[in-house]
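Encoded as structure tokens, the structure appears first; notes follow it.
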Amino acid sequence: MPAFDPKKHTFTWGNIVATGYGPDAAIDCSYNEDMITFQPSLSGSGAISLNPNTSGKITITLLQSSPTNDLFMALVALYRGPGPIAYAALIKNIYFERAVASAARAWVTKIPDFQLAKEVGVVPWIFETDDLLLTLGGAAVPI
């Protein structure tokens with residue numbers, strides 16, 4: 001029976017492999033717009049349009065204690081110098097091999113908000129890409 005193990009997924013941005021994910025939705029990927037839109041006609045029929053926009057967002061939620069925050073921040077600090085840096089991004093899970101998200105170019109949209117509290121919090125890093133590729137599938141390797 002296939003089983004999901006959250007320790008078996010990875011997110012890489014450039015040569016950085018993220019570690020120290022938050023406790024809940026650690027990775028979230030979504031397109032910015034619908035793939036297909038429908039325009040109804042006055043008579044009740046209509047037509048569909050395929051949207052060529054494949055831009056999207058990838059949100060990675062890390063614990064505040066994650067060393068990956070330092071690595072991401074070091075690259076984002078370069079934005080103020082030579083300008084925005086876009087690196088390839090890849091998300092995969094060893095057990096759900098057919099569920100993959102990738103982008104040839106992804107960049108951080110803003111520095112995450114800074115919060116301190118009683119307990120260790122989370123840091124959401126939001127990446128944008130002009131060409132997100134999402135492939136959803138079930139478990140390819142039975143356990």
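Just the heavy atoms: all of them, side chains too, but no hydrogens, waters or symmetry mates, feed the values below.
- In Met73, the CE atom is crowded: over 12 heavy atoms of neighbouring residues, nucleotides or ligands sit closer than 6.0 Å.
- Scored by the ring-ring contact (aromatic ring centres under 6.0 Å, His included) test, Trp125 finds Phe72 as partners (sequence neighbours excluded).
- Side chains of Thr59 and Ile126 form a contact here, defined as non-hydrogen atoms less than 4.5 Å apart.
- Criterion: ILVMFWY side-chain heavy atoms under 4.5 Å apart, direct or through other members. Under it, Tyr31 and Ile27 are part of a common hydrophobic cluster.
- By the 4.5 Å heavy-atom criterion applied to side chains, Thr54 and Leu133 are not counted as neighbours.
- Annotation: side chain of Val123 is not in contact with side chain of Ser66 (no heavy-atom distance under 4.5 Å).
- In this structure a side-chain-to-backbone donor-acceptor pair under 3.5 Å is present from Thr68 to Thr19.
- Between the CD atom of Gln39 and the OG atom of Ser45 there is a distance of 11.0 Å, given to the nearest 0.5 Å.
- Side-chain contact between Tyr21 and Leu63 is absent, with no heavy atoms from C-beta onward closer than 4.5 Å.
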Exercise answer: donor-acceptor pairs, residues 113-120 side-chain atoms, under 3.5 Å, sequence neighbours excluded:
from, atom 1, to, atom 2, distance (Å)
Asp113, OD1, Lys110, NZ, 3.2

Criterion side chain to side chain contact (heavy atoms under 4.5 Å, CB included) on Ile60 and Trp13, from CA distance to verdict: CA-CA 11 Å; Ile60 307 300; Trp13 184 48; over 6 Å; no
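- Taking NZ of Lys57 as the start and OG1 of Thr129 as the end, the distance is 11.0 Å to the nearest 0.5 Å.
- Listed by chain and residue number, Arg105 satisfy the salt bridge (Lys or Arg N to Asp or Glu O under 4.0 Å) test with Asp130 (two or more places apart in sequence, or in another chain).
- The shortest heavy-atom contact between Ser102 and Leu90 is CB-CD1, 4.0 Å.
- To the nearest 0.5 Å, atom OG of residue Ser30 and atom CG of residue Leu134 are 8.0 Å apart.
- Cluster membership for Leu62 and Val17, using ILVMFWY side-chain heavy atoms within less than 4.5 angstrom, is not shared.
- Between Val122 and Gln64, every side-chain heavy-atom pair lies at or beyond the 4.5 Å cut-off.
- A distance of 5.5 Å separates CZ of Phe11 from CD1 of Ile58, quoted to the nearest 0.5 Å.
- If you take OG1 on Thr61 and CG on Asp28, they are separated by 8.0 Å, rounding to the nearest 0.5 Å.
- Here CG of Asn15 is found 7.5 Å from CG of Leu75. Values are rounded to the nearest 0.5 Å.
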